[in-house]
Amino acid sequence: MLKRILFVGFIVFLALSCGNDDEGFESIPPRLLAEVSPENDEEIREFLDTHFFNYEEFETPPLEFDFKIRIDTIAGDNSDKRPLAEFMRDTVITVSSFELLLGEEETDVPHTLYYLSLRPGIGGAASPEGRKPTVADSVFVRYEGKTLDGSSFDGADNPVWFDLARLQDLTQGFRGFAEGVPKFVTGGAPISNPDGTVDVEDFGIGLIIFPSGLGSFSTIRSGIPQYSPLMFTIDLFTLNETDHDGDGVPSIQEDVDGNRYLYDDNTDFESETGVRFANFQDPDDDGDGVLTRDEISDSNGNIIFPYPDSNNDGTPDYLDPDVN
């Protein structure tokens, strides 16, 4: 589904948002982020307190263990299991209403994302191969998405590429996925097989759970009711660092305000007409008519770093329309 959703446009988004129901789900009018976020968090916390994963297998892997995360309820023969709450870590991400095309204006509403890194990729962060992606990178992952009742709505048994920056887009509804995957570390160098497939040794393994404000929120998607917290098991194989607009500035560096959300960084918004582009999509970030790449390169086309700041005002030339 995530792969397909990358190509869904604004018209489809509106159709899904305005439909009466999907797969029997009752459509509820858009609610406030500030109301739904704490409700979702309470639901997630209850889930973490009443469920466990196969931590014993990860602690002492049996022969032929497939290293897949399995979650079950703490009850009966499993009543002595340690709850997920003992293992999960969390981070707070703010969400504003414009990100989800909501009518009521809300700004920077806190949402808590929960994550668990079970295997941090080969050698961990110190490995020359093991790296953490950023929210702007493309990642090669195997995954499964479920609602908290255990219903699977999407997955890929064979690894697929995802552009995490695109998943942050207003119409995608999976910012939590883009924020969660960077909590994990990639595996070793890809190994090409004779049949054309690729293997990665000791890939990263993790679990993320996030509220609907980082997911589909009020939009009904296939298999996902409105206002549903979501959880994903993730196998992270490798990554590609990105420069979406090819301007020489890595996309993650175009997150000017440092909030890990790329679509609210547009330093030439006032000068743009028609379609507007965030900096990571814009080859002329300050709108001065000189391409960003030309403003950060020498006469031979080599990129200069730190980026030039000709008037020493603290703003590099490529973000400063007064310098060209």
Side-chain angles (χ1 to χ4, degrees), residues 1-6 8 16 21-26 36-37 39-55 57-58 65-75 78 81-91 93 111-119 139 141-160 162 164 167 172-184 203-237:
M1 178 199 298
L2 291 183
K3 191 174 183 180
R4 294 196 301 271
I5 286 174
L6 289 176
V8 175
L16 288 172
D21 62 77
D22 182 82
E23 298 186 0
F25 297 134
E26 180 183 356
V36 177
S37 178
E39 293 175 3
N40 279 177
D41 192 61
E42 183 178 354
E43 187 178 353
I44 292 171
R45 286 178 176 273
E46 180 179 0
F47 179 86
L48 297 179
D49 286 335
T50 57
H51 290 74
F52 75 101
F53 76 101
N54 52 330
Y55 58 87
E57 291 183 307
F58 277 92
F65 180 43
D66 59 8
F67 287 92
K68 289 187 177 180
I69 300 172
R70 295 178 175 85
I71 296 175
D72 203 348
T73 305
I74 299 176
N78 296 320
K81 299 298 185 182
R82 297 168 60 192
L84 272 164
E86 292 188 17
F87 298 89
M88 303 292 286
R89 302 183 68 181
D90 62 77
T91 186
I93 299 161
H111 289 68
T112 303
L113 178 146
Y114 297 85
Y115 64 96
L116 170 63
S117 177
L118 282 168
R119 188 173 71 180
V139 293
V141 296
R142 183 167 57 206
Y143 72 98
E144 183 176 17
K146 293 183 177 182
T147 51
L148 296 189
D149 65 3
S151 299
S152 179
F153 60 84
D154 189 31
D157 292 330
N158 295 313
V160 294
F162 283 122
L164 296 182
L167 288 180
Q172 308 307 328
F174 288 97
R175 184 180 174 189
F177 190 95
E179 293 276 3
V181 173
K183 300 299 182 183
F184 311 132
F203 48 83
I205 300 172
L207 170 70
I208 54 176
I209 302 177
F210 52 86
S212 62
L214 295 172
S216 297
F217 197 61
S218 60
T219 300
I220 299 176
R221 299 192 189 276
S222 179
I224 305 176
Q226 290 174 293
Y227 310 112
S228 293
L230 303 177
M231 62 178 169
F232 285 87
T233 54
I234 305 290
D235 294 338
L236 174 58
F237 290 85

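Since the model is a prediction, treat every value here as computed from it, not as a measurement.
Considering only residues two or more places apart in sequence or on other chains, Asp66 meets the side chain to side chain contact (heavy atoms under 4.5 Å, CB included) condition with Lys68, Arg70.
Within 6.0 Å of CG in Asp157 there are 12 or fewer heavy atoms belonging to other residues, nucleotides or ligands. Within 6.0 Å of CZ on Arg45 lie no more than 12 heavy atoms contributed by other residues, nucleotides or ligands. More than 12 heavy-atom neighbours from other residues, nucleotides or ligands sit within 6.0 angstrom of CD on Glu39.
The shortest distance between side-chain heavy atoms of Ile69 and Phe58 falls below 4.5 Å. A 4.5 Å side-chain heavy-atom check between Met231 and Phe47 finds at least one atom pair inside the cut-off. Under the 4.5 Å side-chain criterion, counting only non-hydrogen atoms from C-beta, Phe210 is in contact with Phe232. Residues Phe177 and Val141 form a side-chain contact, since some pair of their non-hydrogen atoms from C-beta on lies under 4.5 Å apart. Within the 4.5 Å cutoff, no side-chain heavy atoms of Val36 are placed close to those of Pro211. Put simply, the side chain of Tyr55 does not reach to within 4.5 Å of the side chain of Leu84, judged on heavy atoms.
A distance of 8.0 Å separates CD1 of Ile224 from OG1 of Thr147, quoted to the nearest 0.5 Å. Considering OG of Ser152 and CG of Asp154, their distance stands at 7.0 Å, rounded to 0.5 Å. If you take CG on Asp72 and NE2 on His51, they are separated by 7.5 Å, rounding to the nearest 0.5 Å. Atom CD1 of residue Ile209 and atom CG of residue Leu113 lie 9.0 Å apart, to the nearest 0.5 angstrom. Atom CZ of Phe153 sits about 7.5 Å away from atom OG of Ser216, to the nearest 0.5 Å. For the atom pair CG (Asp41) and OH (Tyr114), the distance works out to 3.5 Å, reported to the nearest 0.5 Å.
When all heavy atoms are compared, the tightest approach of Pro225 to Ser228 is O-OG, 2.9 Å. Looking at every heavy atom in both residues, Arg82 comes nearest to Phe87 through CZ-CZ, 3.6 Å.
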- request: Output, in order, the C-alpha distance, side-chain angles, deciding distance and verdict of side-chain contact (heavy atoms from CB on, under 4.5 Å) for Ile44 and Leu148.
  value: CA-CA 8 Å; Ile44 292 171; Leu148 296 189; 4.2 Å; yes

- prompt: So Tyr227 and Phe217, ring pair (Phe, Tyr, Trp, His ring centres under 6.0 Å) or not? Walk me through it.
  reply: CA-CA 5 Å; Tyr227 310 112; Phe217 197 61; 5.1 Å; yes

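Taking the six-membered ring where the residue is Trp, Phe237 and Phe203 present tilted rings, their angle falling between 30° and 60°.
Phe67 carries Arg119 over the face of its six-membered ring, with the cationic atom under 6.0 Å from the centre and within 45° of the normal.
Not one N or O on the side chain of Asn40 forms a donor-acceptor pair closer than 3.5 Å with the backbone of Pro229. At distances below 3.5 Å, at least one donor-acceptor pair connects side-chain atoms of Thr50 with backbone N or O atoms of Glu46. For Tyr115 (side chain) and Lys183 (main-chain N/O), no donor-acceptor pair under 3.5 Å exists by modelled atom type.
Proximity of the aromatic rings of Phe174 and Phe162 is defined here by a centroid distance below 6.0 angstrom, and this criterion is not met.
Residue pairs meeting the salt bridge (charged side-chain N to carboxylate O under 4.0 Å, His left out) criterion with at least one partner in residues 172-182, sequence neighbours excluded, are Glu99-Arg175, Arg175-Glu179, Glu179-Arg260.
Of the residues listed (Leu118, Leu116, Leu207), the one engaging Thr233 in a side-chain contact (heavy atoms from CB on, under 4.5 Å) is Leu207, and it is the only one.
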